[in-house]
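As a basis for the values below, the full set of heavy atoms in this structure was taken, side chains included, without hydrogen atoms, waters or symmetry mates. Bear in mind the structure is a predicted one, so any value in this text is a computation, not a measurement.
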Amino acid sequence: PRLQVCRSCLREDLAIGTQFLRIRWLSAASSFCPRHREPLQTPCTVCRGANSFYCRRIPPRFVFVCAECDGTLDSGRYDIPIDLSAARLLMQFEVALESALDGRAPDPSWVGGCTAKQFLSCIEDLVWALTWPMADWFGSPAPIEWFQVKAVPLVWRFQAYRSIRHQLARSSVWLRRALLAAALGVLCEEARRILNVGPLDVRFQRDLPALCDLLHSSVRESLLRRARHWPRQLRTELGGKVGQASPVYSLRQKSTNYG
């Protein structure tokens with residue numbers, strides 16, 4: 001994924017003498033620093049340079065410098081405030097994702113009892129559905145425009161492309177944070193309350209069945225096929241609220257095979 005940094009960590013490194021990168025900053029499931037409880041940012045806030053930087057010796061220290069504008073990566077600050085409760089919830093969610101990447105089952109409070117693979121599958125599939133164009137014409141919006149949350153909104157209008165795979169790994173830290181927050185809002189009603197989804201359209205409740213109703217028919221069918229490998233709680237939610245004309249009927253029949 002694109003590099004993201006915590007400026008507070010880089011400032012603390014100066015006391016040691018040399019700045020260094022953290023492996024966690026390269027994780028597609030991470031957009032917050034758990035140590036300082038603040039959002040990660042693009043390396044340079046001046047020119048928005050993503051990966052163009054180098055290490056320069058400024059005696060007696062070594063610091064990271066942007067290759068485009070020569071600005072130090074520890075300068076600047078996060079200028080888009082995030083509600084503390086929302087930030088805490090998103091950090092807990094990212095910890096659960098990273099635990100699942102290590103093969104540990106997430107806490108049942110997220111999506112019920114499930115394996116790490118089931119948990120990761122549903123998040124990846126939801127992000128895919130949230131970013132897929134809603135129509136066939138060029139410039140068609142994606143569901144993320146409706147399911148973004150107030151606490152972590154889209155910084156710019158999202159441009160949907162059919163060819164992009166692994167959206168979390170390819171996105172900027174700003175977009176990745178908005179996608180993870182939107183996916184969490186779809187999964188959990190309590191999370192929607194904390195993340196404070198904006199009143200974009202009263203027709204949509206912004207839960208999982210509402211997302212299915214908004215998708216293009218082919219995308220909806222594909223998502224429901226993928227849902228066979230999701231946690232049982234989510235399969236039950238889909239089976240109870242989506243119309244009988246969809247493939248959910250066969251999905252419900254087979255759900256006992258994927259417990």
Side-chain angles (χ1 to χ4, degrees), residues 1-13 20-43 78 80-131 144 147-153 166-197 206-208 229-234 237:
R2 299 182 183 181
L3 181 65
Q4 51 195 355
V5 300
C6 172
R7 306 205 184 285
S8 295
C9 286
L10 293 176
R11 294 188 189 102
E12 289 182 353
D13 291 344
F20 59 95
L21 304 179
R22 276 68 168 174
I23 294 179
R24 192 175 188 277
W25 293 349
L26 298 174
S27 172
S30 175
S31 67
F32 282 87
C33 174
R35 174 180 175 83
H36 297 101
R37 298 180 179 275
E38 63 183 45
L40 300 179
Q41 304 177 61
T42 54
Y78 189 76
I80 302 179
I82 296 181
D83 178 75
L84 182 60
S85 298
R88 187 181 299 113
L89 176 65
L90 288 173
M91 283 188 285
Q92 294 172 351
F93 182 55
E94 291 180 1
V95 169
L97 286 174
E98 292 179 349
S99 297
L101 288 171
D102 290 335
R104 299 191 297 271
D107 189 279
S109 61
W110 293 110
V111 291
C114 66
T115 65
K117 184 176 181 179
Q118 288 177 318
F119 185 58
L120 293 174
S121 293
C122 74
I123 300 302
E124 183 178 13
D125 292 341
L126 284 176
V127 170
W128 168 78
L130 285 167
T131 55
I144 183 63
F147 284 80
Q148 61 179 306
V149 299
K150 272 189 173 181
V152 190
H166 309 295
Q167 184 74 62
L168 286 177
R170 295 174 180 267
S171 301
S172 66
V173 62
W174 309 88
L175 178 56
R176 185 184 307 126
R177 189 159 35 240
L179 290 174
L180 289 174
L184 178 57
V186 170
L187 290 175
C188 180
E189 181 178 359
E190 180 65 17
R192 288 196 294 274
R193 184 187 64 80
I194 296 176
L195 296 173
N196 192 21
V197 176
R206 295 177 184 82
D207 56 6
L208 188 52
H229 304 284
W230 288 6
R232 182 187 297 273
Q233 177 176 315
L234 298 181
E237 182 178 352

Interatomic distance, [X] atom [atom1] to [Y] atom [atom2] [nearest 0.5 angstrom]:
X      : Y      : atom1 : atom2 : answer
Asp107 : Ser99  : CG    : OG    : 10.0 Å
Lys117 : His229 : NZ    : NE2   : 8.0 Å
Gln148 : Leu130 : CD    : CG    : 11.0 Å
Arg232 : Leu234 : CZ    : CG    : 12.0 Å
Leu168 : Arg177 : CG    : CZ    : 12.5 Å
Leu126 : Ser121 : CG    : OG    : 10.5 Å

Looking only at heavy atoms, which two atoms of [X] and [Y] are closest? And how far apart?
X      : Y      : value
Leu40  : Cys6   : CD2-CB, 3.7 Å
Glu98  : Ser27  : OE2-OG, 4.2 Å
Ala182 : Ile144 : CB-CD1, 3.4 Å

Main-chain N/O of Ser31 paired with Glu94 side-chain donor or acceptor, under 3.5 Å: yes
For Phe32, does its backbone N or O pair with a side-chain atom of Arg24 as donor and acceptor, under 3.5 Å? yes
For the side-chain hydrogen bond (donor to acceptor under 3.5 Å, both in side chains) test, which of Arg22, Gln41, Arg176 pairs with Gln4? Arg176
Answer whether the closest heavy-atom distance between the side chains of [X] and [Y] falls below 4.5 Å.
X      : Y      : answer
Cys122 : Gln118 : no
Leu180 : Val152 : no
Cys114 : Pro106 : yes
Phe119 : Leu97  : yes
Leu179 : Ser171 : yes

Val186 and side-chain contact (heavy atoms from CB on, under 4.5 Å): which partner among Leu208, Ile123, Asp207, Val127? Leu208
With sequence neighbours excluded, tell me which residues meet ring-ring contact (aromatic ring centres under 6.0 Å, His included) with Phe93. Trp110
Between Cys33 and Ser8, is the side-chain contact (heavy atoms from CB on, under 4.5 Å) condition met? List the steps. CA-CA 9 Å; Cys33 174; Ser8 295; over 6 Å; no
Less than 3.5 Å apart, which donor and acceptor atoms pair up between the side chains of residues 81-89 and the rest of the protein, not counting sequence neighbours?
| unit_1 | atom_1 | unit_2 | atom_2 | d |
| --- | --- | --- | --- | --- |
| Asp83 | OD2 | Ser85 | N | 3.1 |
| Asp83 | OD2 | Ala86 | N | 3.2 |

Step through the shown structure and confirm whether more than 12 heavy atoms of other residues, nucleotides or ligands are within 6.0 Å of CD on Glu12. yes
Is the number of heavy atoms from other residues, nucleotides or ligands under 6.0 Å of Glu124 CD greater than 12? no
